[in-house]
**Student:** 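Okay, here's the structure, questions in a sec.
Convention: sequence-line order gives letters A, B, ...; per-chain numbering from 1.
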Amino acid sequence: MAASPVRLTNPDKLLWRDISKADLRDYYEAAATRLMPFVANRPLTIIRAPDGFKGEVFYQRHAMKGMSKLIGTVKVKGEPKPYLMITSAEALPALAQIAAVEIHPWASTASALEQPDYLTFDLDPDKGLSFADLRRAAFDMRDYLHRLGLGAFLKVTGGKGLHVVAPLQPRAEWEEAKEFARALVEAMAADKPDAYTTNVRKARRKGRVFLDYLRNGRTATAVAAWSPRAREGAPIAVPIAWSFIEKKRAVPRFTLDRAAAAFKTADPWKDYERACRPLPSLEALKKL
DNA sequence: GCCGGTT
DNA sequence: AACCGGCAACGCCAA
DNA sequence: TTGGCG
């Protein structure tokens with residue numbers, strides 16, 4: 001591999017307990033093939049932690065002086081300042097250099113910024129719920145999506161929840177997609193009101209799984225597949241197969257320092273591109 | 001991590 | 001020369 | 001009305 005043109009200052013500085021900036025750069029380079037499809041050519045919000053995840057942590061969505069030229073930008077209609085965007089894996093070491101420990105892309109690409117190309121549903125279990133409860137919610141979500149003709153792809157977030165992602169052909173606009181996502185989770189909650197809630201305010205109540213559709217706003221973002229997380233132990237968000245969680249007793253956990261094994265396994269999302277569908281109508285949802 | 005403004 | 005704030009934004013609720 | 005929080 002060619003030498004990186006990015007100079008890493010303080011390569012031994014620890015960003016997690018035993019994971020340095022150099023380790024973060026090495027991870028990004030090793031993950032590039034899996035990671036780039038989810039972060040390239042999309043406006044990005046990054047979470048930076050120059051003094052480690054226990055120090056000051058801040059979001060950044062616009063370019064700043066001092067950033068490598070490898071980190072580009074994209075003009076977004078109606079926004080005064082251009083957003084961060086990368087177009088090639090060469091930019092990943094530059095992200096490590098600025099201690100970008102999480103990557104949160106828009107759900108739309110530069111070629112169609114106003115039409116999202118996937119929906120994300122964040123399944124967030126109330127404290128005390130078993131993994132079986134969370135898993136049931138995920139399979140329930142998949143069932144709804146499949147009955148609507150949509151694909152359903154699963155990932156662990158690196159936190160306590162799961163993301164279910166439905167790839168779209170980028171036709172419908174943000175507002176329509178978000179309304180569809182809202183209607184879908186509300187249909188699920190109406191069907192099993194004791195198991196699910198869609199209300200942020202009640203998210204912590206009554207031992208339910210919170211079905212969060214709000215990730216599907218234009219400037220709202222969800223963590224990218226393969227992004228590290230600014231949390232204890234350097235967990236990473238990882239695509240997983242549905243069969244993988246069938247017998248699990250807890251949310252599977254992947255960490256940055258042990259990610260190499262995950263790269264070797266077959267991509268559980270290999271059919272992702274082929275699964276892109278137009279956003280179904282709200283009428284289709286009502287008829288379920 | 002780094003810039004720019006303030007002390 | 002040292003220090004410090006900024007680096008997203010949106011809804012909701014309590015103060 | 002504002003500030004903190006998720």
**Student:** Please assess A:K286 against A:S281 for the test side-chain hydrogen bond (donor to acceptor under 3.5 Å, both in side chains), listing each intermediate value before the final yes or no.
**Tutor:** CA-CA 9 Å; A:K286 284 177 199 147; A:S281 67; over 6 Å; no
**Student:** Do we count A:F58 as stacking onto B:dG1 if the rule is ring centres under 5.5 Å and planes under 30°?
**Tutor:**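 Ring-base stacking flag set for A:F58 and B:dG1.
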**Student:** Check the distance between C:dA8's C1' and A:E79's CD and give it to me in whole angstrom.
**Tutor:**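 The answer, rounded to whole Å, is 11 Å.
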**Student:** May I ask you to decide if the ring planes of A:Y83 and A:W106 are parallel, tilted or perpendicular, using 30° and 60° as cut-offs?
**Tutor:**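 Ring orientation, 0 to 90° scale: perpendicular.
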**Student:** Less than 4.0 angstrom from a charged side-chain N to a carboxylate O is my criterion; do A:D143 and A:R147 meet it?
**Tutor:**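 Yes, this pair counts.
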**Student:** Indicate, with a heavy-atom threshold strictly under 4.0 Å, whether A:E56 touches base, sugar-phosphate, or nothing.
**Tutor:**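 It contacts base atoms.
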**Student:** Over 60° means perpendicular and under 30° means parallel, so classify the ring planes of A:W242 and A:F139, tilted if in between.
**Tutor:**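 Tilted: the ring planes of A:F139 and A:W242 meet at 30° to 60°.
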**Student:** B:dG1 phosphate, OP1 or OP2: any side-chain N/O from A:K65 under 4.0 angstrom?
**Tutor:**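 No.
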**Student:** Nearest whole Å is fine: how far is D:dG6 P from A:F210 CZ?
**Tutor:**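 So the two atoms are 13 Å apart, to the nearest Å.
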**Student:** What nucleotide, of B:dG4, C:dA9, B:dG1, holds the atom closest to the side chain of A:H62?
**Tutor:**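 Nucleotide nearest to A:H62's side chain: C:dA9.
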**Student:** Rounding to the closest angstrom, what is the interatomic distance between B:dG4 and C:dA8 at atom P?
**Tutor:**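 Their P atoms lie roughly 16 Å apart.
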**Student:** Spell out yes or no: do the side chain of A:Q97 and the base of B:dC2 have one donor N/O and one acceptor N/O closer than 3.5 Å?
**Tutor:**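 For A:Q97, whose side chain was compared with the base of B:dC2, there is no donor-acceptor pair (under 3.5 Å).
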**Student:** Rounded to the Å, how far apart are A:Q60 CD and C:dG5 P?
**Tutor:**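 These atoms are roughly 18 Å apart.
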**Student:** What distance, rounded to whole Å, do you find between the two C1' atoms, one in C:dG6 and one in D:dG6?
**Tutor:**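 The answer is 22 Å between these two C1' atoms.
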**Student:** Measure from CZ on A:R215 to P on C:dA8 and round the result to the nearest Å.
**Tutor:**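 Distance, rounded to whole Å: 19 Å.
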**Student:** Look at the side-chain N and O atoms of A:T219 and state whether any lies under 4.0 Å from the OP1 or OP2 oxygen of C:dC10.
**Tutor:**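 Looking at the OP1 and OP2 atoms of C:dC10, neither is under 4.0 Å from any side-chain N or O of A:T219.
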**Student:** Looking at every strand, decide which applies to A:T9 at a 4.0 Å heavy-atom threshold: base, sugar-phosphate, or nothing.
**Tutor:**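 The answer is sugar-phosphate, as A:T9 gets under 4.0 Å only of primed atoms, P, OP1 or OP2.
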**Student:** Please state whether the phosphate of C:dC7, meaning OP1 or OP2, lies under 4.0 angstrom from any side-chain nitrogen or oxygen of A:K81.
**Tutor:**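 Answer no for this pair, as no side-chain N or O of A:K81 is under 4.0 Å from OP1 or OP2.
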**Student:** Under 4.0 Å, heavy atoms only, any strand: does A:N10 hit a base, just the sugar-phosphate, or nothing?
**Tutor:**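 A:N10: backbone/sugar contact only, no base atoms under 4.0 Å.
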**Student:** Pick one: which of A:T73, A:I46, A:T219, A:L44 meets side chain to side chain contact (heavy atoms under 4.5 Å, CB included) with A:R61?
**Tutor:**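 Of all the options given, the one that passes is A:T219.
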**Student:** Specify the separation, in whole Å, of atom CG of A:L214 and atom P of C:dA8.
**Tutor:**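 Rounded to the whole Å, the gap is 21 Å.
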**Student:** Tell me: CD1 of A:I47 to C1' of C:dA8, nearest whole Å?
**Tutor:**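 In whole Å, C:dA8 C1' and A:I47 CD1 are 10 Å from each other.
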